[in-house]
Visitor: 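Following this message is one structure expressed as structure tokens.
First listed ligand is number 1; within each ligand, the first listed atom is number 1. All residue numbers in this chain count up from 1 along the given sequence. Note that the structure is a prediction, hence the values are computed from the model and not measured. Keep in mind that the numbers below use all heavy atoms, side chains included, and drop hydrogens, waters and symmetry copies.
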Amino acid sequence: MSPGTDALLRARAARVVPSGMWGHLHAARLPAGYPQFFARAQGGRIWDADGREYVDLMCSWGPVVLGHHDPAVDEAVSRQAALGDCLNGPAPVMVELAERLVARAPHADWAMFQKNGTDATTACVMIARADTGRRTILIARGSYHGAAPWCTPVPAGTTEADRAHQIHFAYNDIASLHVAAERAGDDLAAVIVTGFRHDNVVDQELPDPAFARAVRAVCDARGAALIVDDVRAGFRLHRGGTWEIVGVRPDLAAWSKAIANGHALAAVTGSDRWRDAASRIFVTGSFWCAAVPMAAAVATLDRLDELDAIGHMERLGRRLRDGLDALARTHGVGLRQSGPVQMPLFLFDDDEGFRIGSAFCRAALNAGAFLHPRHNMFLCAAHTDADIDQVLEAAEAGFRAIRGLAP
Ligand SMILES: *Cc1c(COP(=O)(O)O)cnc(C)c1O
């Protein structure tokens with residue numbers, strides 16, 4: 001890989017891949033000046049196709065939680081790959097993994113596995129509808145639950161019928177939740193909520209305990225399922241699931257991203273009340289029982305505990321947040337940091353069209369820190385104090401670059 005490789009690959013991709021890339025990685029959605037292609041990664045660092053090295057604060061948009069090439073996960077992957085991956089049915093490791101999840105998540109009596117977070121959230125909704133015989137799902141406005149027709153944020157190619165029987169409310173807003181529940185009447189099948197509010201391009205919010213209890217009460221009063229979509233936050237805030245931090249247990253939870261440190265796997269966990277419905281719906285996929293990602297997941301879960309990965313990410317995340325706050329004050333710039341420190345998001349005040357954030361991140365990128373101007377970022381267990389020092393030095397370059405742009 002050498003300078004110019006990314007540009008060449010983009011030109012070739014533009015001919016054989018619609019717009020060169022799809023979804024959140026659509027070429028037009030990349031921050032200006034960012035690479036599209038990556039050559040390799042190790043620990044908390046990543047190298048783009050042009051050979052430039054960065055401290056990686058995107059961690060593959062969430063899946064990498066231990067760091068790239070965690071040795072214990074790599075070892076488990078090689079061992080299972082030598083035995084077999086895609087077989088006529090699951091390998092023994094599936095049962096081991098289900099037992100691990102049931103042991104970790106206090107709400108969980110059972111687990112089932114898929115490939116992507118969207119598979120898991122979709123299955124949760126189906127289980128709730130199958131059990132209750134009702135249709136309506138309450139969804140927080142702006143929350144991302146995946147890219148299937150019922151939930152994809154861009155409606156192109158979907159029909160109104162795909163999104164029928166959905167009522168929206170505002171995250172952390174009890175009054176709007178109650179209005180939505182009233183509208184659902186006796187047709188309420190489920191309320192689905194993300195572990196915390198991590199909607200694109202707005203300040204993040206942890207769940208308000210009173211709101212979480214209100215969601216639980218609505219679901220209990222109406223016999224509906226409380227679904228926590230922990231696909232993004234899962235394994236980074238609390239080992240048993242994000243709503244453990246507010247003491248509220250879901251009925252069903254969707255997991256993916258960090259579950260196997262970068263290997264393709266998703267899971268649904270649930271309590272006994274929903275076990276029968278979970279066994280009645282028909283969901284499957286050719287690759288859903290592949291054994292290698294499951295072996296990776298078992299190793300990942302064990303390693304998260306062994307390393308106290310959450311504690312480590314919180315400590316470094318706190319250093320990063322405090323360091324950025326101090327730099328913003330020194331430079332007299334209005335910078336808003338929100339959400340849990342291990343999943344940082346920063347937005348600049350009065351930043352029309354993300355001009356300030358984009359210029360800041362581009363300068364930081366050139367100084368060796370891979371940040372994102374609009375999306376939440378992720379720390380991992382392999383990040384070091386030296387990595388945070390490098391990110392803060394890169395941020396200093398960012399603050400110098402936006403002189404004159406910030407109000
Ligand atoms: C990423 C994400 C999904 C979808 O997961 P995929 O693996 O991309 O299908 C669902 N919910 C949340 C909260 C997510 O962050």
Side-chain angles (χ1 to χ4, degrees), residues 21-26 29 58-65 112-128 137-154 157-158 162-163 166 168 171-172 190-202 204-207 212 215 225-238 241-243 245 250 252-269 283-285 287-288 290 293-294 296-297 300 338-340 342-345 372 374-380:
M21 196 58 206
W22 55 83
H24 66 302
L25 301 171
H26 192 290
R29 290 196 186 98
M58 280 314 280
C59 290
S60 314
W61 300 71
V64 170
V65 67
M112 50 202 286
F113 301 100
Q114 310 80 28
K115 281 294 96 176
N116 272 97
T118 307
D119 303 331
T121 55
T122 302
C124 286
V125 167
M126 289 173 70
I127 292 166
I137 309 292
L138 306 193
I139 303 177
R141 201 172 297 105
S143 284
Y144 184 69
H145 295 299
W150 70 271
C151 55
T152 185
V154 177
T158 69
D162 292 325
R163 290 148 196 275
Q166 298 181 1
H168 290 91
Y171 200 98
N172 272 344
V191 181
I192 184 168
V193 279
T194 50
F196 68 94
R197 186 176 184 219
H198 46 56
D199 308 349
N200 215 3
V201 308
V202 294
Q204 304 192 111
E205 289 175 39
L206 286 167
V215 177
L226 195 178
I227 303 169
V228 169
D229 174 355
D230 232 351
V231 169
R232 192 178 312 181
F235 310 106
R236 275 195 164 84
L237 272 69
H238 190 291
T242 301
W243 274 31
I245 65 177
L252 301 167
W255 313 80
S256 185
K257 293 206 166 85
I259 193 170
N261 202 45
H263 293 269
L265 192 70
V268 172
T269 52
V283 287
T284 188
F287 303 102
W288 283 19
M294 292 185 185
T300 300
S338 59
Q342 61 272 49
M343 292 174 65
L345 173 77
H372 200 287
R374 299 182 299 272
H375 194 281
N376 77 270
M377 295 169 275
F378 301 87
L379 272 82
C380 73

Visitor: Report yes or no: does W243 contribute a side-chain atom to a donor-acceptor pair with the main-chain N or O of G195 at less than 3.5 Å?
Guide: yes

Visitor: For N376 and H198, test the side chains for any donor-to-acceptor distance below 3.5 angstrom and give the result as yes or no.
Guide: no

Visitor: Any side-chain donor paired with an acceptor under 3.5 Å for T242 and D230?
Guide: yes

Visitor: For ligand 1, note which part of V231 has a heavy atom under 4.0 Å away: side chain, backbone, both or neither.
Guide: side chain

Visitor: Which atoms of ligand 1 sit under 4.0 Å from any heavy atom of H198?
Guide: 13 (C)

Visitor: Report the part of Y144 (side chain from C-beta onward, or backbone N, CA, C, O) that has a heavy atom under 4.0 Å from ligand 1; answer both or neither where that applies.
Guide: both

Visitor: Do the non-hydrogen side-chain atoms of Y144 and C151 ever get within less than 4.5 Å of each other?
Guide: no

Visitor: Using a 4.0 Å cutoff against the non-hydrogen atoms of T118, which atoms of ligand 1 qualify?
Guide: 4 (C), 5 (O), 6 (P), 9 (O)

Visitor: Give me the nearest non-hydrogen protein atom to atom 2 (C) of ligand 1 as residue plus atom name, then the distance to 0.1 Å.
Guide: K257 NZ, 2.6 Å

Visitor: Considering only the protein, which heavy-atom contact is closest to atom 11 (N) of ligand 1, and what is its distance?
Guide: D229 OD2, 2.7 Å

Visitor: Do side-chain atoms of Q114 reach the backbone of A123 as a donor and acceptor pair under 3.5 angstrom?
Guide: no

Visitor: Can you list the atoms of ligand 1 that are under 4.0 Å from a heavy atom of H145?
Guide: 10 (C), 11 (N)

Visitor: Hey, looking at atom 8 (O) of ligand 1, which of V228, N116, T194 has the closest heavy atom?
Guide: N116

Visitor: Classify the ring geometry between H375 and F378 as parallel (under 30°), tilted (30 to 60°) or perpendicular (over 60°).
Guide: tilted

Visitor: For W150, does its backbone N or O pair with a side-chain atom of Q166 as donor and acceptor, under 3.5 Å?
Guide: yes

Visitor: For atom 6 (P) of ligand 1, grab the closest protein heavy atom and report residue, atom and distance to one decimal in Å.
Guide: G117 N, 3.3 Å

Visitor: Should L25 and W61 count as side-chain neighbours, where that means a heavy-atom distance under 4.5 Å?
Guide: yes

Visitor: Would you check whether K115 reaches within less than 4.0 Å of ligand 1, judged by its heavy atoms?
Guide: no

Visitor: Can you sort out which atoms of ligand 1 are near G146, meaning under 4.0 Å from one of its heavy atoms?
Guide: 4 (C), 10 (C)

